[in-house]
Structure formats: structure tokens, C-alpha cells
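Heads up: the structure comes next, in C-alpha cells.
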Amino acid sequence: MELAYTPEQQAFRAEVRDWMAANVPARPLVTLEREEGYHQHVAWERRLAEGNWGMVTWPEAYGGRGLDLIQWLIFEEEYYRAQAPLRVNQNGIFLLGPTIMEYGTDEQKARFLTPMAKGEVIWAQAWSEPNAGSDMAAIKTRAVRDGDHYVISGQKTWSSRASFADWGFGLFRTDPESKRHKGLSFILFDLNTPGITRRPIRQFHGDPGFAELFFDEVRVPVENRIAAEGEGWNVAMATAGFERGLMLRSPARFQAAAARLVALFREHRDRASPAAREQVLAAWMGAQAYAYNTYAVASKIMAGGHIGAEASLNKIFWSELDRAMHRTAMQLLGATAELRQLAGDRANDWLEGYIFSLAGPIYAGSNEIQRNIIAERLLGLPR
């Protein structure tokens with residue numbers, strides 16, 4: 001793999017850098033898990049769309065630029081270098097969008113993708129249920145066919161962005177006699193449809209980053225189903241592959257965090273232990289290794305390959321790297337992390353990031369499940 005950029009790629013990097021310098025908010029936005037911050041982030045998504053940066057790899061017909069994955073990685077590097085806001089519509093652009101590209105009809109692509117790229121419609125992910133978390137095959141929420149509609153009844157929980165989002169996507173059991181992976185369908189729904197009740201779930205820091213959703217005979221058009229009835233499991237596994245693979249966690253996110261961690265270590269060098277120094281080095285090397293691997297995977301896909309079960313390797317690596325990085329930052333900051341948060345210091349980013357990193361081994365499929373996938377599908381070990 002040659003890690004040299006072409007003149008065209010260098011020019012693209014300069015274009016992204018200049019636009020970010022002129023447009024990224026001078027002050028950090030309020031967290032997107034609060035209503036005020038959510039609307040600030042939606043406004044940022046629309047500002048990105050004005051510059052045609054909503055989703056650069058998508059075809060121009062759907063609000064993109066038609067760029068390749070290497071250019072997307074360059075865009076991400078400049079995005080995080082500029083400390084631009086987190087993407088409030090990541091469930092849409094990084095997960096649902098590629099799923100619709102692969103499984104949706106032409107009508108569904110025309111209807112859903114452009115508003116998604118422009119930040120006009122923000123999406124929630126609604127898979128988990130009270131007794132179906134990592135084991136999604138245990139989903140029970142029903143979608144009963146009634147003419148050209150499904151009538152949905154049941155409950156979803158830990159639905160990310162559902163407190164404030166516009167639309168959601170989820171798995172529903174369309175065959176009431178089916179078991180496990182069979183009889184599930186992938187359906188999109190307007191969160192303002194009569195019969196849907198949202199109940200925000202406040203996390204231990206108080207912000208409602210998730211919501212429970214209650215469906216009381218909610219009527220959803222059949223045309224909102226992605227792929228054939230009963231094929232939802234295959235569609236959802238493709239979505240999960242996008243979540244664990246390239247798009248949801250680009251290497252730039254971790255390279256930027258590693259650079260900040262190095263700066264934090266230098267700030268606290270006098271009282272940092274030798275072990276902390278080794279942990280900082282390991283974090284920096286891990287971020288670089290993940291970046292190089294991602295460039296290799298992107299090159300493979302551009303050459304006609306695809307991501308399979310190895311997406312589980314990605315997911316374990318970035319989630320454990322993120323947790324280790326933030327744990328090291330907490331060790332360097334000690335109790336001052338909370339004091340600085342109260343004072344409005346940017347160390348607040350480390351404390352908030354640390355809290356969020358603890359969930360990394362759980363969301364996008366728990367790491368225990370990912371290790372089973374690696375053992376069975378990559379190493380060929382018995383179940």
C-alpha cells in the first residue's frame with residue numbers, strides 16, 4: 001500500500017480544510033443529547049449541506065459528490081482536525097443510507113437519501129427491545145399486514161436519537177408464527193405518526209441520549225419496508241456491518257483524540273507515571289494502526305472487494321482503543337477532570353468522552369458477540 005497522496009487528493013484536502021476553517025463554529029455546540037444542542041447540530045448539518053459536504057461519497061443525484069473512499073477518509077481527517085461538531089444524523093448517513101443504497105428501490109432512494117444528506121430529516125435507530133438487546137433475533141414487536149399498511153404494536157428501547165429525531169428505522173416481526181431470525185422485516189417509520197409514544201431515557205449524567213418507543217397500533221405504509229417481507233434480518237446484518245466497519249467510526253476520530261492525549265500528557269508530564277507514558281504511546285500507535293488498516297480496507301472495497309465478518313475485528317479494536325485512551329486521560333487528569341468540567345474547561349471533553357467510551361464495547365453489537373463471530377466465521381472454530 002502506497003501512502004502517498006495524488007495532487008488531486010492534496011487539492012481536495014486543501015478545499016476541505018479551507019471550508020472548515022471558514023465555517024466550523026468558533027465555540028463548541030451544546031451536546032446533541034439535549035434539545036438545545038440537538039437543534040444546534042441539525043443547523044450544522046444543514047450548513048454542511050450548503051457546502052455540499054453532507055455525504056461526499058454518495059452520488060450527486062442523492063445530495064453527494066460522488067467521491068471515493070480515500071477522499072472520504074481525507075474529508076474525515078480534515079473534519080476532525082478542525083474540531084467540527086459530531087454528526088447528529090450519523091444513524092442516517094452512516095447506517096441507513098448505505099443500507100438503502102444496497103437494498104432500497106429507486107423510489108426509496110429518491111425519497112429518503114437526499115433529505116438525509118441535506119440534514120432535513122434526522123434518523124433514529126430502533127432495534128433493541130427490553131428482552132432483545134444484543135440478541136436481536138428475540139425481537140417481538142409485531143407489524144401485522146393490513147392492506148397497504150402494517151399495524152405495529154410493541155416496544156423498542158435504547159433507541160438512539162429517538163428523543164428528538166424525525167424518523168426511525170427498525171426490525172419488526174411480520175410473521176407472528178416465526179421464530180428467531182425468520183419472519184422479520186426492516187421498516188422505516190415517521191416518529192410523529194399517531195400511536196407512537198416517545199419516553200426519553202436519561203443517562204446517569206442526565207442527558208436523554210436514548211428513548212423508549214411505544215407502538216400502539218401504529219399504521220405505517222408497506223412502501224416503507226426495505227427489501228422483501230421476512231428478509232429484515234439480512235438487511236439488518238448489512239446495516240450492522242456498516243456500523244462496525246468503515247463508516248460509523250472513521251480513524252480520524254481516534255487520531256484526533258490520540259493527538260489531544262499526547263498534548264495532555266505533555267501538560268502533565270511532571271507528575272505522570274512511566275506507565276502513563278507507555279499508555280499514551282500505545283494509544284497513538286493504535287490510532288495510527290487503525291488508520292492504516294482502514295486505508296487498506298477502503299482500497300480493497302474500491303477494487304471490488306467487500307467487508308464481511310472482519311468488520312467485527314474493527315468494532316472490537318476501535319471500541320477498546322477508545323476506552324483505553326479515555327481511561328489514560330482520566331488518570332492524567334485525576335479529580336481535576338470534574339473540577340475543570342464545572343469551570344467550563346475543554347477537559348470536559350475528556351470526561352464526557354470517557355463516560356461515552358464505556359458504552360463502546362456494548363453498542364454496535366457487544367464485543368462478546370463479536371468475538372463469537374470472529375471465532376466461528378473467521379477462525380472456523382466450533383460454535
(request) State, to 0.1 Å, how close W284 and A258 come at their nearest heavy-atom pair, and which atoms those are. (result)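 For W284 and A258, the tightest heavy-atom pair comes out as CA-CB, 3.9 Å.
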(request) State, to 0.1 Å, how close S312 and I373 come at their nearest heavy-atom pair, and which atoms those are. (result) OG-CG2, 3.5 Å
(request) Would you give the length of the straight line joining atom OH of Y80 to atom CZ of R253, rounded to the nearest 0.5 angstrom? (result)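 Answer for the OH-CZ pair, Y80 versus R253, is 5.0 Å.
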Does one side chain, of [X] or [Y], offer a donor that lies under 3.5 Å from an acceptor on the other?
| X | Y | result |
| --- | --- | --- |
| Q155 | E129 | no |
| N367 | Q370 | no |
| Y150 | R219 | no |
| S160 | N91 | yes |

Are the aromatic ring centres of [X] and [Y] under 6.0 angstrom apart?
| X | Y | answer |
| --- | --- | --- |
| F112 | W167 | yes |
| F215 | F189 | yes |
| F75 | W53 | yes |

(message) For N372, is the CG atom crowded, meaning more than 12 foreign heavy atoms sit under 6.0 Å from it?
(response)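 Check passes, neighbour count above 12.
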(message) Atom CZ of residue position R180 - does it have more than 12 heavy atoms of other residues, nucleotides or ligands inside 6.0 Å?
(response)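 For R180, atom CZ is crowded (more than 12 foreign heavy atoms under 6.0 Å).
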Would you call [X] and [Y] a salt bridge, taking side-chain N to carboxylate O under 4.0 Å as the test?
| X | Y | value |
| --- | --- | --- |
| R111 | E223 | yes |
| E78 | R81 | yes |
| E212 | K156 | no |

Cation-pi, [Y] ring and [X] (6.0 angstrom, 45 degrees):
| X | Y | result |
| --- | --- | --- |
| R260 | W350 | yes |
| K118 | Y62 | no |
| R142 | F172 | no |

(request) Determine, using the 4.5 Å side-chain heavy-atom cutoff (strictly less than), whether V222 and V218 are members of one ILVMFWY cluster. (result) yes
For residues [X] and [Y], determine if any side-chain heavy atom of one lies less than 4.5 Å from a side-chain heavy atom of the other.
| X | Y | value |
| --- | --- | --- |
| Q9 | I74 | yes |
| Y38 | E33 | no |
| R249 | Q90 | yes |

